[in-house]
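Reviewing the structure listed below.
One-based numbering along the sequence shown.
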Amino acid sequence: MLDLVLAILHHLAALTLLACLIAQLTLLKAPLCQQLVPTLARIDLGYGLSALAILVIGGLRVSFAAKGWEFYALNAAFWAKMALFAVIGGLSVVPTVLFRRWLREGTIPATRLVLVRRLVTLEVALFALLPVFAVLMARGSIRL
């Protein structure tokens, strides 16, 4: 039962993270005015909290759920998924910093807006690969 509950929570957190990314991308694609920056910052907070939930719940799944650490330790798809998640998280740092700066300074530089749009678009594109690695991981398809 614990395995089921953790799997459900893990998937809900991942879908929440994706929803936050899509919401950010949607706001960034439209002409952006300063009044939308607090909304972007709140969505970004939701993104960060859902990423944290994914990590915590995923850690619990690895440690306490049905398959156990031994299954994951030698699973190349698991490590590829972790690396991809880290890359996506790393890409998200720049938008987070810029959203906070735009809140403080009250201005959105056009060059930075273009950068943020590209980074969030890349995050969404890379996120699409996570389920591929998850399926390969769950089936134990790629072993080290």
Side-chain angles (χ1 to χ4, degrees), residues 1-103 108-144:
M1 185 63 157
L2 175 64
D3 188 53
L4 175 64
V5 171
L6 291 174
I8 290 168
L9 292 174
H10 191 72
H11 288 94
L12 287 174
L15 290 172
T16 301
L17 187 146
L18 180 59
C20 290
L21 274 176
I22 297 299
Q24 282 182 352
L25 191 58
T26 301
L27 285 176
L28 290 165
K29 290 290 184 184
L32 187 63
C33 62
Q34 188 62 37
Q35 290 79 12
L36 289 177
V37 173
T39 302
L40 273 172
R42 282 191 300 275
I43 292 168
D44 194 62
L45 176 61
Y47 173 93
L49 292 173
S50 60
L52 179 61
I54 289 168
L55 291 173
V56 169
I57 296 164
L60 292 171
R61 287 185 77 191
V62 166
S63 300
F64 301 111
K67 293 182 180 174
W69 171 247
E70 297 77 26
F71 175 83
Y72 297 100
L74 298 175
N75 191 316
F78 169 77
W79 293 111
K81 184 179 165 193
M82 295 302 98
L84 181 59
F85 192 78
V87 167
I88 294 168
L91 291 171
S92 76
V93 170
V94 171
T96 297
V97 168
L98 290 176
F99 295 155
R100 303 291 174 222
R101 183 175 298 157
W102 297 347
L103 271 174
I108 305 167
T111 57
R112 294 298 184 210
L113 180 56
V114 170
L115 173 65
V116 169
R117 283 179 177 147
R118 287 181 181 157
L119 288 172
V120 174
T121 300
L122 182 56
E123 288 177 67
V124 171
L126 291 175
F127 191 93
L129 295 174
L130 286 172
V132 174
F133 289 123
V135 168
L136 291 170
M137 177 189 72
R139 288 175 171 46
S141 301
I142 306 172
R143 305 295 292 174
L144 293 177

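Rounded to the nearest 0.5 Å, atoms CH2 (Trp79) and CG (Leu84) are 14.5 Å apart.
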Leu49 vs Leu45, side-chain contact (heavy atoms from CB on, under 4.5 Å): CA-CA, chis, key distance, verdict: CA-CA 6 Å; Leu49 292 173; Leu45 176 61; 4.1 Å; yes
Determine all donor-acceptor pairs shorter than 3.5 Å in which one atom belongs to a side chain in residues 20-29; sequence neighbours excluded.
from, atom 1, to, atom 2, distance (Å)
Gln24, NE2, Asp44, OD1, 3.0
Thr26, OG1, Ile22, O, 2.8

Identify all side-chain donor-acceptor contacts of residues 119-138 below 3.5 Å with residues at least two apart in sequence or on another chain.
from, atom 1, to, atom 2, distance (Å)
Thr121, OG1, Arg117, O, 2.8
Glu123, OE1, Tyr47, OH, 2.7

Tabulate below the donor-acceptor pairs under 3.5 Å that side-chain atoms of residues 51-59 make, not counting sequence neighbours, or state none.
none

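Partners of Ala7 according to the side chain to side chain contact (heavy atoms under 4.5 Å, CB included) rule, which considers only residues two or more places apart in sequence or in another chain, are His11, Arg61. Listed by chain and residue number, Asp3 satisfy the side chain to side chain contact (heavy atoms under 4.5 Å, CB included) test with Ala66 (two or more places apart in sequence, or in another chain). Taking the ring pair (Phe, Tyr, Trp, His ring centres under 6.0 Å) definition, one finds that Phe99 meets it with Trp102, sequence neighbours left out. Checked against side-chain hydrogen bond (donor to acceptor under 3.5 Å, both in side chains), Arg42 has the following partners two or more places apart in sequence or in another chain: Thr39.
Annotation for Arg100: atom CZ counts as buried by contact number, over 12 foreign heavy atoms lying within 6.0 Å.
Looking only at side-chain heavy atoms (C-beta outward), Leu32 and Leu40 come within less than 4.5 Å of each other.
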